[in-house]
Amino acid sequence: MSMNSQGRPTAPTADNDTGEMKPVFESFSGHKGLRIAEPLVFELGTTQTTGVDVEEIEDFELSVGGLERDTEIGCPGLAEPDVVRHFTRLSRRNYGIDMGVFPLGSCTMKHNPRLNEKMARLPGFGDIHPLQPLSTVQGALELMSELSHWITTLTGMPAVALSPKAGAHGELCGVMAIRAALEARGDAREIVLCPESAHGTNPATAAFCGYKVKSIPAKENGRVDAEALKEALDDTVAAVMITNPNTCGLFEDEIKDIADAIHAAGAFFYCDGANFNAIMGKVRPGDLGVDAMHLNLHKTFSTPHGGGGPGSGPVVFSDALKDFAPMPYVVSGAGGYEIVEDGDNTSLGRLTAFHGQMGMYVRALSYMLSHGSDGIRQAAEDAVLNANYVLASLGDVMSASFEGPCMHEALFDDRFLKDTGVTTLDFAKAMIDEGYHPMTMYFPLVVHGAMLVEPTETESKYNMDQFIRSMRGLASEAKAGNIGRFEGAPYHAPWKRLDETQAARQPVLRYTLPEAAE
Amino acid sequence: MSMNSQGRPTAPTADNDTGEMKPVFESFSGHKGLRIAEPLVFELGTTQTTGVDVEEIEDFELSVGGLERDTEIGCPGLAEPDVVRHFTRLSRRNYGIDMGVFPLGSCTMKHNPRLNEKMARLPGFGDIHPLQPLSTVQGALELMSELSHWITTLTGMPAVALSPKAGAHGELCGVMAIRAALEARGDAREIVLCPESAHGTNPATAAFCGYKVKSIPAKENGRVDAEALKEALDDTVAAVMITNPNTCGLFEDEIKDIADAIHAAGAFFYCDGANFNAIMGKVRPGDLGVDAMHLNLHKTFSTPHGGGGPGSGPVVFSDALKDFAPMPYVVSGAGGYEIVEDGDNTSLGRLTAFHGQMGMYVRALSYMLSHGSDGIRQAAEDAVLNANYVLASLGDVMSASFEGPCMHEALFDDRFLKDTGVTTLDFAKAMIDEGYHPMTMYFPLVVHGAMLVEPTETESKYNMDQFIRSMRGLASEAKAGNIGRFEGAPYHAPWKRLDETQAARQPVLRYTLPEAAE
Amino acid sequence: MRYLPLTNDDRQAMLAKIGVRHVDDLFRDVPKADLNPDIDLPRHQSEMMVERQLSKLAAKNTSAGSVPFFVGAGAYKHHVPATVDHMIQRGEFLTAYTPYQPEIAQGTLQYLFEFQTMVAQLTGMDVANASMYDGSTATAEAVMMARRVTRKKKAVLAGGLHAHYRSVVETTTQFTDDVIESQMPMPSDPEAELQVAINAIDDTTSCVVVQNPTVNGSVLDLTAIADKAHAHKALLIVVVTEVMSLGLIKSPGEMGADIVVGEGQSIGNGLNFGGPYLGLFATNQKYVRQMPGRLCGKTTDSEGKEGFVLTLSTREQHIRREKATSNICTNSGLCSLAFTVHMSLLGEKGLRQTALVNHKRATDVKNALAGIDGVEVLNSSFFNEFTVKLPTAAAPIVDKLAADGVLAGVPMSRLYPGGGFDDLLILAATETVSDDDIEILAAKLKEALS
Amino acid sequence: MRYLPLTNDDRQAMLAKIGVRHVDDLFRDVPKADLNPDIDLPRHQSEMMVERQLSKLAAKNTSAGSVPFFVGAGAYKHHVPATVDHMIQRGEFLTAYTPYQPEIAQGTLQYLFEFQTMVAQLTGMDVANASMYDGSTATAEAVMMARRVTRKKKAVLAGGLHAHYRSVVETTTQFTDDVIESQMPMPSDPEAELQVAINAIDDTTSCVVVQNPTVNGSVLDLTAIADKAHAHKALLIVVVTEVMSLGLIKSPGEMGADIVVGEGQSIGNGLNFGGPYLGLFATNQKYVRQMPGRLCGKTTDSEGKEGFVLTLSTREQHIRREKATSNICTNSGLCSLAFTVHMSLLGEKGLRQTALVNHKRATDVKNALAGIDGVEVLNSSFFNEFTVKLPTAAAPIVDKLAADGVLAGVPMSRLYPGGGFDDLLILAATETVSDDDIEILAAKLKEALS
Ligand SMILES: Cc1ncc(COP(=O)(O)O)c(C=O)c1O
Ligand SMILES: Cc1ncc(COP(=O)(O)O)c(C=O)c1O
């Protein structure tokens, strides 16, 4: 056995297919074939190198009030070739929808059409300033107006506020509108009701609107208990925040009854619309008694998640709330489109500096126009079909949390792993070895060791069958007691399991120069 | 040990860093983390599925002379999400400049700027038809004219033909012009002289121009033997094809002497300009007596190789040859730019249907304008510097084929591997494990087991040092007799060594349906 | 439908496996009467037709790159290298989710770590988070964080804070415990404007929020206000709406800021009619656990290899729910990648050079306008933006120039309608402004004023 | 320079390692007098400035997508889905070389294998190569291959072969043993045109080259010419300049072709003012070893895993040198990827539908023009292109319409100057042509003729 340059021994390894032992050699570079090591940009570049050419400026007198920056900033620059390589290499450590099934429940990781990317980059959309004279952005305003028309038509709601920047921002917008409406009628209420299964943003939002959050229980079948809800409803309740379809992937069967009860109590019904993908074109929230609901354009309408954002969270409003919608909004006047951005009105105010996520509006409208009314309904049906196909195909080997069909996502819990020593986390990491992004784990909180699988409509039957084969295989391995497959997983990923505890205990949140480091 | 769904045992493997044995499990899907299996598109799609929406057409009477295609074509279609995934997955099995050092000698694998890609896609360049009225393509003709100006200035030659589609096509253009010139003066010659180190396209081209090829030997120092050449020169010799800098990475030190001798014998000097990157801005072929020379815009001027093409091979001509240049060409008239595409003249004729590789012209000019005269010279110097740095850093452990400095590429042979049992091929495959694309192997033919390393100017010193460390490591491993590292290499690539003999013995050049296959 | 892979045969086979006859059997919980409503919208269309329709809308807008362009006030037209857009379109970046599974998200995590470092370096602070929606929402978050840190309520918003930022803070905190004291800009006297803010700081103050450069473009020395704030145990929040300015001007950290928020659009990101943008959020080590938003931190894997994970998530909504430091979930991930790529190209050297060109261009514009009769430049200091007083209302002039193919800036009345600033115009000039552009602007403005 | 990573310090350190003082010491073989000449060209420029300069040039051209567009004759404006361009810009595809190291080039190799299969299927042949430069050079290669296969010299080029293809064949073979017999088109009688070619076939004939549809757009039944060729042991070479036609029209293979060459630009590739394009080359199994160009074949790796390699390279220049079947090296790799991506989207279903729409649009144009006084449509059969006879010279009319914002087609005199076809105009219509476009064309043409 030889030693490599770092002095580590190279070791034999077994060939995966034959079990035969073969040597594997550590490289001198640290790279391994197409898996290429890549340090931080700070370890590669210097503050003296740059990957841009900038016009040389002759000396001139500065007018910065004597406040020139005269200490080192510390940001390194790389020549362009090295920048391309750095980020190409980094990208190859990621999993994305473009690589395979990404069944992350509650996130609707559907195909992101490249047409949308192209459209958003048209200079007429991508290269216009939010404060240009309105006469020079009529096309943009028309697009926003057209998008609003699609959204209100699909949701059956009279109005929409486009500006919220993501789902959580939309929730803020919606609950604020509710509070504004209540205050306008002099009604100071204190409580927002949320089911236990609610996404974390729901209670957090309610808190940021100055409300106390009270939990409402679920029925055996995973839906909100309308009776319990009715009991909790009184004149201190400002709003009820319900996700529908809910985070267990189920449609709230008593939704209209619930809505009526909410309204009867003088409260408002905020619907978390993160799961709208299951029902778009199939049923309109406006027909169900909803007062406010956000859409996640980055889920339902295919704008890319981009590793965490940006998103866009338009909020639709009922007649009771629409006058409290935020500014700015677009109106169509005699001389063309206008923006209302100020003035005396009942609007809850401004939620963001400009008009919201134009880049996402373009992509979402591109998606809507492409699908049309027929394709949108078909997409919802296919999303639900794929999820139920997973549920039906895995029900015998995994433990479905609830009886009966689901909507766009199938919820399992960890009962099938009982006594195997395998946890939901282990199971998820083994899915990585299978070439899949894990499903959502440990959410919703209402079942133990939750596994929430949302395939979306853009997966083929071939992909679903292959995925199901893996899931079945893993489930039977777990039951067979082959715990090794799980506890060390992932084996095939570029990194082994990462230590989150260590990260939180001694947080290192930025690079510091070796000499400056303690 | 468990069995996976395909009945293969999973096997233990050693941890690379610790040497400890750990189990590795075969996945049920066939995927391995981010390394995802992907069948042929024919195994995924059907002829009934499609990833495009096409307007529905009402029935109408066809006018195709009764020649409708009524049998199945057989091409499968996939929905767009699956197409994106298919090709994303395939791409991840490739190595490219964007991933790391690509020191493929003679190929000048330099950084491909993304600005160039953007420029080539401007509708005014990418979306114009070669047969539009000239009044509607004046910008395109101006670009061609501007590019010609840069090329003739950099080469110091009076004329350039842009249309050849790649280097080999340029050679054809150049040698044809030579033959046309000779015929025009009633001089029927039969022979083209090529050094043994010539690229295969040189003799092949000469043959396609109806010439016999005769080899000329090299001197000890890797340059053409001017004396031997002079002896071989007589009035049957139409042309001498010499690559300069030559394929050993050396500048032909007797070049002017050789050119004079060629001209004295009434022959022409064709220079293969594939290696122009070493000398651009440093010396002009026009000053060296060259009559015709092609440039590879896809090498020297950074247009991407694209996995094999497309390229572009403009040819510069001396005064003696310029009247024989091919059509079409651009001229500037009173009413703007015009194209000469026909007519009675001495032109050798048309080499391609239209005006050549406009897409590459844009990229190459974008590169030239970006570098400018100063940057171009600097690029040549840095290319030569990087190659000499490799030569100086590896000379003690590998065997440099020739003494003294090189130009843009460093040539080694396999003497340093003597008696190690390691071949040039093995060494190259071990470089794959190191995360590098191998250098050019077994070319040029004049040294044994050639290894031709061309780093290009777009590699940083950091990259060079890392590369050198790997090369030194491998060389000492080979000498230490650790043959295992080589004979089974690559170990870390997604495929192990592929059997080329088998492929050639029983060629399978296309997919056939399982039932149709024998 | 080109995006839907299931065929009718597939659907039938899958329904059979599920054990229902019709897909609507899966929607049985939906009230029958409400299922499958008529949706009065057009049917699906080919890619080509969608592209045409959207291109037609785009063509109705005047893009910044097509005209002499001087619009700023919180969003800036800079040259973004082609490499940036290429990198952010890599499918592995574009179509990834928040890196909750770090073993297959090291690409995202590493650039977030790089991004956090760069933002910290630029702002002169210890740590930065992995982005917020935009500069304005980051400002609101900072105000609320200051309340948590200081357990005090009064936030003073200095007059130089962008009107829209101020509105966002007011809106966002309207139902929280924060008490906002907003001041008006004093375009011709930034020192006085700052002094008003300094004077407003007292022991009940949680924070004072100062924009630098101000909405009118003036560059402020913040050391005095920092001292005053700290003397009253209040935090100094500095807002930077033009991050490019940090390449030329002393960092907020150096001047005593406790929290720096900013709009990162200028680096790597296009104008996009206002979004998506990139909220920057940086603070000092001691406040980390009160920060909103995601944080990426370093750790090791089970074999000891260094890697990154999202960390300190006990601050966040998905763990802490109603006690979270913010309700933010989705942020501006891909915009932060664009920022990181662009910054890697620029480096300190390129950033400083570019910032200097910006200042030069603005100086050139200022000089050109100063020569026009009746036009008065109000700024004595500025980075790439300044305010002029016209002899007449600015908005109609801007409209006139727009009709003439020049986008001349932002009338201050657009930001402060009824604020008494009708004759003021805010102009920005970046490296994209050419000498020709300046000449045209000056000529057209002169013409419009005469 | 943004593309050059070496710093001056690096350069000094490297020169020291090499043991020379100045970089020019490395250029010592260059004649001193010729080293470092004055190069009278501008100095380096920023990305922004280059982008501006080139954009200015681009803006001087009329792009196909911006006007009613009917230009064809060997290059066609089709809608290429955005996905295609996205995929070919993946760095691993874009910046790879020819897949000489198959272990790290399976991405390229697998798509080449798929491409070869698709081309074989479309043309109705056994095998296809991994691409040639374009349709015209592929045609010349086919003629030379036929000589090698048949050991005969006379190549008959039927009159319907595109004038430029004919020129390329003539140019390319001018110094080889081939003897080219070129015929002229007979636009109003394609059957007679074909008959002339049939008649020219004799025992000395190596091949007959027929384009289908012809340069004038007519669709030919090739069975008779195939029979005649085969009876004389000559090969039938069929040229397809509009590969989209294979979605509607019987394949050359089905009609007896021995070699099919074509221009693949229509699928996946833009107009690009004529290049890069995509030469298709297909033939039957028995001729494989005489084929020019690269071939990708299936094999296994040392562990038995299926994979692909370049194969049968003993045909090629890098092995065979002066005995190679062609001198081609670099081909149209990335264009073949674009083709393969687009074809994977289309599938047989989408291809057939799109081809049908093309035919419908051409039919609509034909009907619209047929109604104009003095305009005579010459074709009885066509795919998406046909020829009309005008009452006057076509070129000035086309110029007039161009000035009026309509690109009306190719005057036949552009292809055959002095060929006696001055009053003929070739018009193409693809799926990109709208009803409005047709109306405008008809109206403007009518106006121009009156
Ligand atoms: C049910 C639910 N509600 C709200 C949100 C918050 O949306 P965003 O991340 O866009 O802020 C999410 C996103 O994960 C969600 O799944
Ligand atoms: C020395 C030399 N000559 C000619 C060529 C042929 O150029 P192309 O591949 O562009 O046809 C090459 C390309 O590899 C080469 O290296």
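Below, chains carry the letters A, B, ... as their sequence lines are ordered, and counting in each starts from 1.
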Regarding D:E170 and B:R350, does a basic nitrogen lie under 4.0 Å from an acidic carboxylate oxygen?
no
Residues that D:D29 engages under salt bridge (Lys or Arg N to Asp or Glu O under 4.0 Å), provided they are two or more places apart
B:R223
Between B:D499 and D:T299, is there a side-chain donor-acceptor contact under 3.5 Å, judged purely by atom types and distance?
no
Working for ring-ring contact (aromatic ring centres under 6.0 Å, His included), residues D:Y97 and B:H437
CA-CA 10 Å; D:Y97 199 73; B:H437 195 281; 7.9 Å; no
Quick one: do B:R284 and D:D34 make a salt bridge, cutoff under 4.0 Å?
no
Please report the C-alpha distance between D:T311 and B:E500 in whole Å, then the side-chain angles of each, then the deciding distance to 0.1 Å, and finally whether the side chain to side chain donor-acceptor pair (under 3.5 Å) criterion is met.
CA-CA 7 Å; D:T311 192; B:E500 309 209 351; over 6 Å; no
Considering residues at least two apart in sequence or located in another chain, which fulfil the side-chain contact (heavy atoms from CB on, under 4.5 Å) criterion with D:E51?
B:L115, B:K118, B:M119, C:H79, D:E47, D:S55
Are D:R2 and B:S370 linked by a side-chain donor-acceptor pair shorter than 3.5 Å?
yes
Aromatic contact between D:H318 and B:F443, with the criterion being ring centroids under 6.0 Å apart: yes or no?
no
Should the pair B:R121-D:D85 be classified as a salt bridge under the 4.0 Å nitrogen-to-oxygen rule?
yes
Can B:E68 and D:H359 be counted as having a side-chain donor-acceptor contact under 3.5 angstrom?
no
Salt-bridge test for B:D253 and D:R28: reply yes if a basic N is under 4.0 Å from a carboxylate O, no otherwise.
no
Do B:K282's NZ or CZ and the ring of D:F27 fall within the cation-pi criteria of under 6.0 Å and 45°?
yes
Lys/Arg cation over aromatic B:Y511: D:K298, 6.0 Å, 45° cone
no
Ring geometry between B:F354 and D:H162 (parallel below 30°, tilted from 30 to 60°, perpendicular above 60°)
perpendicular
Using a strict cut-off of less than 4.0 Å between a Lys/Arg side-chain nitrogen and an Asp/Glu carboxylate oxygen, indicate whether B:R510 and D:D126 qualify as a salt bridge.
no
Pair B:R179, D:Q174: side-chain N/O donor-acceptor within cut-off below 3.5 Å
no
Compute the ring centroids of D:F273 and B:H129, then answer whether they are less than 6.0 Å apart.
no
Using a strict 4.0 Å threshold on nitrogen-to-oxygen distance, state whether D:E103 and B:K429 make a salt bridge.
yes
